[in-house]
Amino acid sequence: MKIQAINGFKDILPDTAVRWRHIEQRARDIFERFGMREIRLPIMEKTELFVRSIGEATDVVEKEMYTFVDKGQTMRPEATASIMRAFIEHGLHVQQPVQRLYTIGPMFRHERPQKGRLRQFHQLDAEIIGAVEARVDAELIAMGQMLLDELGLAVSLEINSLGCPVCRPPFKAGLVAFLEQRHEGLCEDCKRRTHTNPLRVLDCKKPTCRALVENAPSLLDALCPDCNRHFREVQEALQSLDIAFKINPFMVRGLDYYTRTTFEFLTSDLGAQAAVGAGGRYDGLIEQLGGPALSGIGFAMGLERIALLMEQQSDKPQPGDSMDIFLAALGDKTLAPCGQLAHLLRKQGLRAAIDYSGRGLKAQLKQAGRVNARFTLIVGDDEWDRQQGILRNMATQEQQPFDLGGTPEQQSLRLLGLVQPTTN
Ligand code: HAM
């Protein structure tokens, strides 16, 4: 019996890994343009961290966490809570009042796997801690938009405000009263949520619930003056940066720590999985976790979803793995010197491939094509005796003689002059 990977846990095969690396490199580059610094975190945390931050009555904590019950430890379902834990534990605010941090890595949620939804998935997560200004919200959203733009992806941006501990509780009470009157029409989940997490009913995807909440009171009408001003300033700042957005008063998000601004980058190209990235402000979270009273805002993007969307939306050829040179050693005499030459070329920074099987020219050229070599150096026993190999440009199929005289070092330097290393 063959052993297969666990459902929802996926291998990233080399062709996909190339695309992922490209996305990660772009993300690092852009995040660092915005002054973000990388933080690397463990994938296991104390369960309590997620219960206290994400919230007990959320789907993630209620149903989706991979927890070692006897140890009280959980494989992280997201990165924000861990970043806050590390931020508090190491007193990072003492070094610098505003911290801009990002991390890239695997997250774990026991959801029903489907296209773009996995149990082990990967996030690009960025957080700005210690800044309250609405312009910072806009800057962070602009950073996400810049990444998606530079990857050539078309997505739409929706924003909302979830208010604060001043304006949300009275709104919630009014919403519960509204929902209780319509209890019978709600789905089973929303019947339960009416009392555990009523805001979530607003973004239930079931058509019956959707129709019911269309006339529900809007949190945007209930915002306190401070939240109102903040939300207006976020919109003005986004406009000044030329970022197009739509206000969606029904966007609630599935994690409890959000306050004020929330946002999602959406696509209709991934079936049911519409969110490519999402985030928001969490002004009370750090204090709630025992840290200083600092606010924060962040987002996370799903690497799997970005990669899928690139496959679907972008007709540009993907940056592929390529070799600079393939050494076709065709005779017994040539194997040892060609092996030595390949080693020296690699030391000098070239991507060099070689086939030691002694197969014929046709098979070796085919292999050179498979590894995507830009050049092939053909050296048979005859060529070796005459000290003159053939250098073939694989794209143009042009061939030129190549002088095999001198020491291996001299040969490799001459080759380096003709075949510059790829930079990517
Ligand atoms: P989230 O909305 O739960 O937010 O996830 C963010 C993104 O992660 C989603 O938009 C999606 O692209 C990806 N994602 C989530 N679950 C899965 C899954 N099962 N399979 C594949 N991709 C998935 C958060 O995690 C927050 N921590 C974001 C944040 C950061 N808010 C503030 N700072």
Side-chain angles (χ1 to χ4, degrees), residues 7-10 12 20 23 27 31 36 39 41 45 49-50 53-55 58-61 63-66 75-85 87 99-129 131 136-137 140-141 143-144 147-148 151 153 155-160 162 200 203 251-267 269-286 295-310:
N7 190 17
F9 288 67
K10 242 173 119 172
I12 310 304
W20 278 41
I23 299 168
F31 291 176
M36 297 247 148
I39 183 166
L41 302 156
E45 297 276 359
L49 173 67
F50 302 118
S53 52
I54 297 172
T58 55
D59 284 352
V60 173
V61 170
K63 309 185 225 168
E64 296 168 359
M65 296 206 302
Y66 282 91
M75 290 164 77
R76 63 180 184 192
E78 57 116 50
T80 310
S82 303
I83 294 184
M84 297 313 130
R85 198 259 315 131
F87 174 86
Q99 284 281 342
R100 295 172 167 236
L101 300 169
Y102 76 89
T103 198
I104 301 177
M107 310 293 152
F108 304 85
R109 294 185 196 175
H110 191 267
E111 294 190 79
R112 206 155 41 78
Q114 51 177 254
K115 183 177 168 194
R117 190 163 75 195
L118 291 124
R119 292 179 171 170
Q120 176 178 333
F121 60 98
H122 297 74
Q123 284 186 342
L124 308 163
D125 183 288
E127 314 285 347
I128 302 180
I129 308 166
V136 173
D137 304 30
L140 183 89
I141 294 172
M143 182 174 84
L147 174 58
L148 296 166
L151 292 171
L153 301 179
V155 296
S156 59
L157 168 66
E158 292 188 357
I159 64 170
N160 191 20
L162 292 184
R200 287 293 285 168
D203 76 353
M251 183 210 301
V252 170
R253 311 277 302 117
L255 313 160
D256 274 359
Y257 48 62
Y258 291 115
T259 53
R260 295 194 169 170
T261 318
T262 53
F263 56 95
E264 292 185 339
F265 294 104
L266 299 164
T267 174
D269 289 346
L270 292 181
Q273 307 314 312
V276 179
R281 193 164 260 292
Y282 43 82
D283 288 345
L285 177 60
I286 298 169
S295 45
I297 181 163
F299 67 70
M301 297 205 181
L303 248 168
E304 283 80 0
R305 293 190 191 171
I306 294 180
L308 272 173
L309 207 56
M310 282 178 78

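Each ligand, and each atom within it, is numbered from 1 in the order the structure gives. All values derive from a computational prediction rather than experimental measurement.
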(Q) Please evaluate residues Ile306 and Met301 with respect to the criterion side-chain contact (heavy atoms from CB on, under 4.5 Å), reporting the C-alpha separation (whole Å), side-chain torsions for both, the decisive distance (0.1 Å), and the verdict. (A) CA-CA 8 Å; Ile306 294 180; Met301 297 205 181; 3.9 Å; yes

Proximal candidate to [atom] [heavy atom criterion; set [options]]:
{"atom": "atom 21 (C) of ligand 1", "options": "Gly116, Gly302, Gly277", "answer": "Gly116"}
{"atom": "atom 8 (O) of ligand 1", "options": "Gln120, Lys115, Gln123, Arg253", "answer": "Gln123"}
{"atom": "atom 31 (N) of ligand 1", "options": "Tyr258, Phe108, Phe299", "answer": "Tyr258"}

For [atom], the protein heavy atom that lies nearest, with its residue and separation:
{"atom": "atom 11 (C) of ligand 1", "answer": "Arg305 NH1, 3.4 Å"}
{"atom": "atom 12 (O) of ligand 1", "answer": "Val276 O, 3.0 Å"}
{"atom": "atom 7 (C) of ligand 1", "answer": "Ala300 O, 3.6 Å"}
{"atom": "atom 27 (N) of ligand 1", "answer": "Glu78 OE1, 2.5 Å"}
{"atom": "atom 20 (N) of ligand 1", "answer": "Leu118 N, 3.0 Å"}
{"atom": "atom 32 (C) of ligand 1", "answer": "Gly298 O, 3.2 Å"}
{"atom": "atom 19 (N) of ligand 1", "answer": "Glu111 OE2, 2.6 Å"}

Q) Looking only at heavy atoms, is any part of Leu255 under 4.0 Å from ligand 1, and if so is it the side chain, the backbone, or both, or is it neither? A) side chain

**Q.** Location of contacts on Phe263 toward ligand 1, heavy atoms closer than 4.0 Å
**A.**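 It is neither; nothing of Phe263 touches ligand 1.
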
Could you check whether any side-chain heavy atom of [X] comes within less than 4.5 Å of a side-chain heavy atom of [Y], counting everything from C-beta outward?
{"X": "Asp125", "Y": "Glu78", "result": "no"}
{"X": "Arg112", "Y": "Gln114", "result": "yes"}
{"X": "Ile83", "Y": "Leu41", "result": "yes"}

Which atoms of ligand 1 have any heavy atom of [X] under 4.0 Å away?
{"X": "Asp125", "answer": "30 (C)"}
{"X": "Gly279", "answer": "31 (N)"}
{"X": "Glu127", "answer": "30 (C), 32 (C), 33 (N)"}

Keeping the roles fixed (side chain from [X], backbone from [Y]), state whether a donor-acceptor pair exists under 3.5 Å.
{"X": "Arg281", "Y": "Thr261", "result": "no"}
{"X": "Thr262", "Y": "Gly280", "result": "no"}
{"X": "Arg109", "Y": "Val60", "result": "no"}
{"X": "Arg76", "Y": "Pro106", "result": "yes"}

Q.
What verdict does the side-chain contact (heavy atoms from CB on, under 4.5 Å) test give for Ile141 and Phe299, after you've listed the backbone C-alpha separation in whole Å, the side-chain angles of each residue and the deciding distance to 0.1 Å?
A. CA-CA 8 Å; Ile141 294 172; Phe299 67 70; over 6 Å; no

**Q.** salt_bridge(Arg253, Glu264) N-O dist < 4.0 Å
**A.**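 Answer for the salt bridge query: yes.
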
Q. If we ignore angles and hydrogens, is there a donor and acceptor under 3.5 Å between the side chains of Tyr257 and Thr80?
A.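 Yes - a donor-acceptor pair under 3.5 Å links their side chains.
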
Geometry only, no angles: is [X] polar-contacting ligand 1 at N/O separations under 3.5 Å?
{"X": "Ala275", "answer": "yes"}
{"X": "Phe121", "answer": "no"}
{"X": "Tyr257", "answer": "yes"}

Q: Determine, using heavy atoms of Arg117 and all atoms of ligand 1, whether some pair is separated by less than 4.0 Å.
A: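 The answer is yes, since Arg117 has a heavy atom less than 4.0 Å from ligand 1.
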
Q. Quick one: CG on Leu101 to CE on Met36, what's the gap to the nearest 0.5 Å?
A.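 That separation rounds to 7.5 Å.
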
